[in-house]
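Let me begin by presenting the structure, written as C-alpha cells, before commenting on it.
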There are 2 protein chains.
Amino acid sequence: MEEGFIPDVTRANGKGYIHSIAIDAVIFGFHDRQLKVLLLEYKSTNLFALPGGFIMEKEDLNNAATRVVTHRTGLKNIFLDQFYAFGNYSRYDPQPLKTIMTANGITPGDKHWLLGRFITVGYYALVDFTKAVPAPDGASDNCKWYDLNKLPKLMLDHKVIIKKALECLQVSLDQKLTGFNLLPEYFTMGELQNVYETILGKKFLRAAFQRKMLGLGILERVSKKFTGKAHKAPYLYRFVSAHKA
Amino acid sequence: MEEGFIPDVTRANGKGYIHSIAIDAVIFGFHDRQLKVLLLEYKSTNLFALPGGFIMEKEDLNNAATRVVTHRTGLKNIFLDQFYAFGNYSRYDPQPLKTIMTANGITPGDKHWLLGRFITVGYYALVDFTKAVPAPDGASDNCKWYDLNKLPKLMLDHKVIIKKALECLQVSLDQKLTGFNLLPEYFTMGELQNVYETILGKKFLRAAFQRKMLGLGILERVSKKFTGKAHKAPYLYRFVSAHKA
DNA sequence: CTATTATTGTAACAAAATGTTACAATAAAT
DNA sequence: ATTTATTGTAACATTTTGTTACAATAATAG
C-alpha cells in the first residue's frame with residue numbers, strides 16, 4: 001500500500017500513527033551547478049510542500065524519516081541527518097491540509113487528527129541527483145526537483161525548514177565531509193569544487209582546494225575523464241571513507 | 001502553581017498539554033574544573049532524571065524548554081540550544097514513570113497519557129554555576145548538580161541524551177564561542193582555558209590559547225584579580241559580543 | 001603534423017595561523 | 001631584599017593556507 005502524506009485512507013482516523021508529531025525531509029540534490037530540493041505539489045491546489053510523513057506507533061523516529069525519503073526517491077542507503085524540531089505554535093494552521101484532503105475527496109471533521117497542531121522533526125538528505133527517481137504520493141500530482149533559488153510558494157513554514165536545513169548542511173560540509181553524497185560515485189575535482197562553492201556560496205582557489213582535498217587522504221584517483229573538449233582531461237576520483245592510518 | 005515533571009495533578013488527564021512529545025534539558029554548569037549536570041531525584045525511588053516537561057497546547061516548543069530550565073535554575077536569559085529529538089521506540093518504557101506516580105500517591109490507569117510512548121526533544125543549557133539555584137519540582141526530592149564523570153544511574157535513555165548533548169556542546173564551543181555562558185561575568189584567562197580543556201577533554205598550551213582568545217577581539221580586559229597567592233595577579237576579562245568591525 | 005586553445009595538476013613562493021620556548025613582570029611570603 | 005609561583009607576551013619554529021606561475025595534455029584548426 002502506498003505510503004504518503006495522507007497516510008492511507010483506511011487509517012484516516014489516525015490509528016497506527018503517533019499524533020501531533022510529523023517528520024519533514026529536505027532532500028537535496030545537485031545538478032547544473034545548482035542545489036535542488038525535492039518538492040511535492042498537491043492535486044488541484046497550488047500548494048507545494050516538503051515530503052513528509054508520520055511516525056508509526058512502534059517505529060523509530062529516524063526510521064520514519066528513512067522510510068519517507070526512500071519512498072520519494074527510490075533510493076536506499078541514503079545520507080540522512082536529523083537537524084531540528086520545529087514547534088512554534090504559529091506553525092499550526094489546519095487550512096492547507098484541509099484543502100488537500102478536500103481535493104482528495106475526504107471531508108474531515110474539525111477534530112480530525114491531521115488538522116491538529118503538529119511538531120515536525122526536520123531531516124535533510126543528500127542524494128545523487130542522477131540516481132533518484134522522484135515519486136509522488138497518493139495525494140500529490142508531482143514530485144519534482146526545484147532549484148533552491150527558485151522555490152515556489154511553500155506550505156506552512158516549509159521555507160523556514162529548508163533555510164535551516166541549508167545552514168546545517170553548510171556546517172556539516174566543513175566538518176563531516178558530507179558533500180560527496182551529492183555526487184555520483186566518480187567525479188572530477190572541478191565537480192567537487194562546484195558542490196562546495198554552491199553550498200557555501202563562495203569561491204575557492206583551485207590550487208588550494210585541490211591540495212586540501214587530496215591532503216585529507218579520502219580520495220582515490222581512479223581514471224581519467226575524456227570530455228571531448230580541447231584541453232587536458234581531468235582525473236576521476238572516488239570517495240574512500242576508510243583512509244589509512 | 002508549581003510546574004514540574006508531573007505537570008499538575010489537576011491536569012493529570014493530559015488536558016492542556018500536547019501528548020506524545022516531551023522536552024528534556026541537559027543543564028550544564030562548571031565548577032572545580034569539572035562539568036556538572038543538573039539532575040532530579042524522584043521521591044521514594046532510586047531514579048534520577050534530567051529536568052523535563054511537556055508542551056502546552058498553545059506554547060512554542062522552545063518556550064517550553066525555556067520554561068523548564070528557568071524553573072529548575074531560577075535564572076532568566078539562559079543560553080539554550082535545541083540539539084536532537086530522541087524517538088527510538090526502544091525508549092518507550094512506562095515503568096519508571098508509573099513508579100514515580102505511585103510514589104506520589106497517583107495510581108494511573110494503563111491508558112494514562114503519561115504512560116504512553118514519548119518522543120523527547122533535547123536541549124542543552126549553559127549556566128553560571130554560581131548563580132543557579134537548583135529547585136526540585138513537586139514530584140522530586142532533589143535537584144542537584146552531578147559531576148559529568150560521576151553520574152548516578154539515570155532513567156530511560158537520559159544517559160544517551162547527556163552524551164549527545166556533550167558532543168554538541170563540544171562543537172558549539174569551537175564554532176559559536178558558547179563557553180563563556182558557563183562562567184561568571186568576570187573571569188581569568190586560566191579559568192576560561194579550564195572550561196575549554198574540560199569540555200574538549202584535551203590540554204592547550206597557555207601561550208597559544210591566550211593569543212587565540214585575545215585575537216578573537218571579543219574579550220575586554222577589565223581589572224586584576226588579586227588571589228592572595230604569591231604570584232602575579234591575572235587579569236579579569238569580560239565577554240563582549242559586539243566586537244568592532 | 002604542428003600550432004593553438006582551454007583546462008588540469010602541481011610546484012614554488014608568500015602570508016597567516018598555530019605550536020613551542022623562553023623570559024620579564026609581579027603579588028605575596030620569607 | 002630575596003624567593004616563589006604564576007601570568008603576559010615576545011620570539012622563533014612549524015604548519016597551514018593563499019597566490020602565482022607554469023608544465024602537461026586532449027581536442028581542434030591550419
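Below, chain A is the first sequence line, B the second, and so on; all start at residue 1. The analysis underlying the following values was restricted to heavy atoms, covering all of them including side chains, and did not include hydrogens, waters or symmetry mates.
For the strand DNA chain D, secondary-structure stems (runs of at least three Watson-Crick or G-U pairs, all distances below 3.5 Å) span C:1-30 with D:1-30.
Salt-bridge annotation for B:Arg238 and B:Glu185: present, with a side-chain N of the basic residue lying under 4.0 Å from a carboxylate O of the acidic one.
B:Arg72 places a side-chain N or O within 3.5 Å of a backbone atom of B:Ala135 that can act as its donor or acceptor partner.
Along DNA chain D, the nucleotide closest to A:Lys232 and the one closest to A:Arg206 are compared, and the more 5′ of them pairs with A:Arg206. Positionally, the nearest nucleotide of DNA chain D for B:Leu236 lies more toward the 5' end than for the other of B:Leu236 and A:Lys212.
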Quick one: side chains of residues 122-134 of chain A, donor-acceptor pairs under 3.5 Å with protein atoms, not counting sequence neighbours, listed by atom name and distance.
{"residue": "A:Tyr123", "atom": "OH", "partner": "A:Asn62", "partner atom": "OD1", "Å": "2.4"}
{"residue": "A:Tyr123", "atom": "OH", "partner": "A:Gln82", "partner atom": "OE1", "Å": "3.4"}
{"residue": "A:Tyr124", "atom": "OH", "partner": "A:Ser172", "partner atom": "OG", "Å": "3.1"}
{"residue": "A:Asp128", "atom": "OD1", "partner": "A:Thr130", "partner atom": "N", "Å": "3.0"}
{"residue": "A:Asp128", "atom": "OD1", "partner": "A:Thr130", "partner atom": "OG1", "Å": "2.6"}
{"residue": "A:Asp128", "atom": "OD2", "partner": "A:Thr130", "partner atom": "OG1", "Å": "3.3"}

Donor-acceptor contacts, no H, no angles, side chain residues 26-37 of chain B, under 3.5 Å, sequence neighbours left out:
{"residue": "B:Gln34", "atom": "OE1", "partner": "B:Asn149", "partner atom": "ND2", "Å": "3.2"}

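In the 5' to 3' direction, nucleotides of DNA chain C lying under 4.0 Å from heavy atoms of chain A begin and end at C:dT5 to C:dA12.
Outside the 6.0 Å centre-distance limit, the rings of B:Phe187 and B:Phe239 are not counted as a close aromatic pair.
Rounding to whole angstrom units, CG of residue A:Leu205 and C1' of D:dT16 are separated by 15 Å.
Within 4.0 Å of B:Gly228, counting heavy atoms only, lie sugar-phosphate atoms of the nucleic acid but no base atom. In this structure, A:Ala233 reaches the sugar-phosphate backbone alone: every heavy-atom distance under 4.0 Å involves primed, P, OP1 or OP2 atoms, never a base.
Qualifying salt bridge (charged side-chain N to carboxylate O under 4.0 Å, His left out) partners for A:Arg206, counting only residues two or more places apart in sequence or in other chains: none. Taking the side-chain contact (heavy atoms from CB on, under 4.5 Å) definition, one finds that B:Phe204 meets it with B:Gln193, B:Tyr196, B:Glu197, B:Leu200, B:Lys202, B:Phe209, sequence neighbours left out.
Separation of atoms CG (A:Asn46) and CD (A:Glu41) is listed at 7.0 Å; rounding is to 0.5 Å.
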